[in-house]
Amino acid sequence: MNPRIALAVCGRVLTQLRRDHRTLAIMLVLPCLLMALLWWMFQDVPALPGQPEMFDRLAPALLAIFPFIVMFLVTSVTTLRERGSGTLERLLAMPMGKADFLVGYALAFGLVAAVQSVLAVGLSVGLLGLDIRGPVWLLTVVAVADALLGTAFGLFVSAFARTEFQAVQFMPALVVPQILLCGLFVARDHLPTVLGRISDVLPLSYAVDAMTQVRDSVDSGPVWGDLVVVGAYVAVGLGLGAATLRRRTD
């Protein structure tokens, strides 16, 4: 991989995003709107005895899930658009490897994900009153890692879709099961044994665990352990994406 070429790809993607105001608005504003909607839904719902407020219970997990979903969709669709327009084929005809292309994309969307996470966490903690025991900066770090996870999965999935519509169809297969088994609805310890084993190998489970840990404890040790697992999935996703990336849609 050539870092100079990867940075050039990153700059090109950021320039495209800056000109695409609708996509940029979806990436930056949508998670904030969803968090505000969640707060509005539960502001009058009383908390269960001995339990935190509903917004405080659900918001950390959704701060992991929303960036993951948004970056998964935007990355997969954008990559397919590059391939469908022939831009990817022209880029790869130059002295640029697949890893350069994917790392450049990951850097660009990672920067946007960082801004997205800062906005969503700042809104949730600063304006909506999300109560957490751990440091806010660590909550932001986990949110950025989750957005990178969605980016890596989106780049990987784009290799198997021929159209943008097919990329969206991967949502029920790859994303929804992770949401159901990540501990948002039923604690992972209370899942049936088989589902618990499946949950143990899904990356979003570790992302939500990290967010929950920041919410409940000032001990950051387990959070870094979960972040290492999420980072490993990001690396594997980018590696598989580079291995399966095709120049053009058949």
Side chain proximity check, [X] to [Y], heavy atoms < 4.5 angstrom:
{"X": "D20", "Y": "Q16", "value": "no"}
{"X": "V208", "Y": "S205", "value": "no"}
{"X": "R19", "Y": "L24", "value": "no"}
{"X": "P60", "Y": "T212", "value": "no"}
{"X": "F42", "Y": "E53", "value": "no"}
{"X": "I179", "Y": "I69", "value": "yes"}
{"X": "F68", "Y": "Q178", "value": "yes"}
{"X": "I65", "Y": "C182", "value": "yes"}

As an exercise, state the distance from [atom1] of [X] to [atom2] of [Y], rounded to the nearest 0.5 Å.
{"X": "I198", "Y": "L180", "atom1": "CD1", "atom2": "CG", "value": "11.5 Å"}
{"X": "L184", "Y": "M211", "atom1": "CG", "atom2": "CE", "value": "12.5 Å"}
{"X": "D146", "Y": "F72", "atom1": "CG", "atom2": "CZ", "value": "15.0 Å"}
{"X": "L204", "Y": "L174", "atom1": "CG", "atom2": "CG", "value": "12.0 Å"}

### Task
Determine the minimum heavy-atom distance between S220 and L138, stating which atoms define it.
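The pair with the smallest heavy-atom distance is CB-CD2, 3.6 Å.
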
### Message
Between R57 and R215, does the side chain to side chain contact (heavy atoms under 4.5 Å, CB included) criterion hold? Intermediate values first, please.
### Response
CA-CA 8 Å; R57 286 181 57 196; R215 180 195 66 190; 4.1 Å; yes

### Query
Can you get from V228 to V223 by hopping between Ile, Leu, Val, Met, Phe, Trp and Tyr side chains that sit under 4.5 Å apart?
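No, because V228 and V223 fall into different hydrophobic clusters, even though each may have its own neighbours under 4.5 Å.
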
### Query
If Ile, Leu, Val, Met, Phe, Trp and Tyr residues are connected whenever their side-chain heavy atoms lie under 4.5 Å apart, and connections chain through other members, are V218 and V214 in the same group?
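V218 does not cluster with V214.
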
### Task
In sequence, state the C-alpha distance, the side-chain angles, and the governing distance for S199 and L191, and then conclude on side chain to side chain contact (heavy atoms under 4.5 Å, CB included).
CA-CA 9 Å; S199 175; L191 287 171; 4.1 Å; yes

### Message
Using side chain to side chain contact (heavy atoms under 4.5 Å, CB included), reason through L58 and M54 one step at a time and then give a plain yes or no.
### Response
CA-CA 6 Å; L58 296 176; M54 288 297 292; 4.2 Å; yes

Could you list the donor-acceptor pairs under 3.5 angstrom formed between side-chain atoms of residues 115-134 and any protein atom two or more places apart in sequence or on another chain?
| unit_1 | atom_1 | unit_2 | atom_2 | d |
| --- | --- | --- | --- | --- |
| Q116 | NE2 | M27 | O | 2.5 |
| S117 | OG | A113 | O | 2.9 |
| S117 | OG | A143 | O | 3.4 |
| S117 | OG | V144 | N | 3.4 |
| S124 | OG | A120 | O | 2.8 |
| R133 | NH1 | D216 | O | 3.4 |

### Geometric cation-pi criterion R188 and Y206, 6.0 Å radius, 45° cone
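Judged by the rule, R188 and Y206 form a cation-pi pair.
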
### Task
Output, in order, the C-alpha distance, side-chain angles, deciding distance and verdict of side chain to side chain contact (heavy atoms under 4.5 Å, CB included) for V112 and L14.
CA-CA 8 Å; V112 177; L14 289 176; 4.1 Å; yes

#### Entry: Parallel, tilted or perpendicular, as decided by the 30° and 60° cut-offs, for the rings of Y105 and F109
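Plane angle between 30° and 60°, so tilted.
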
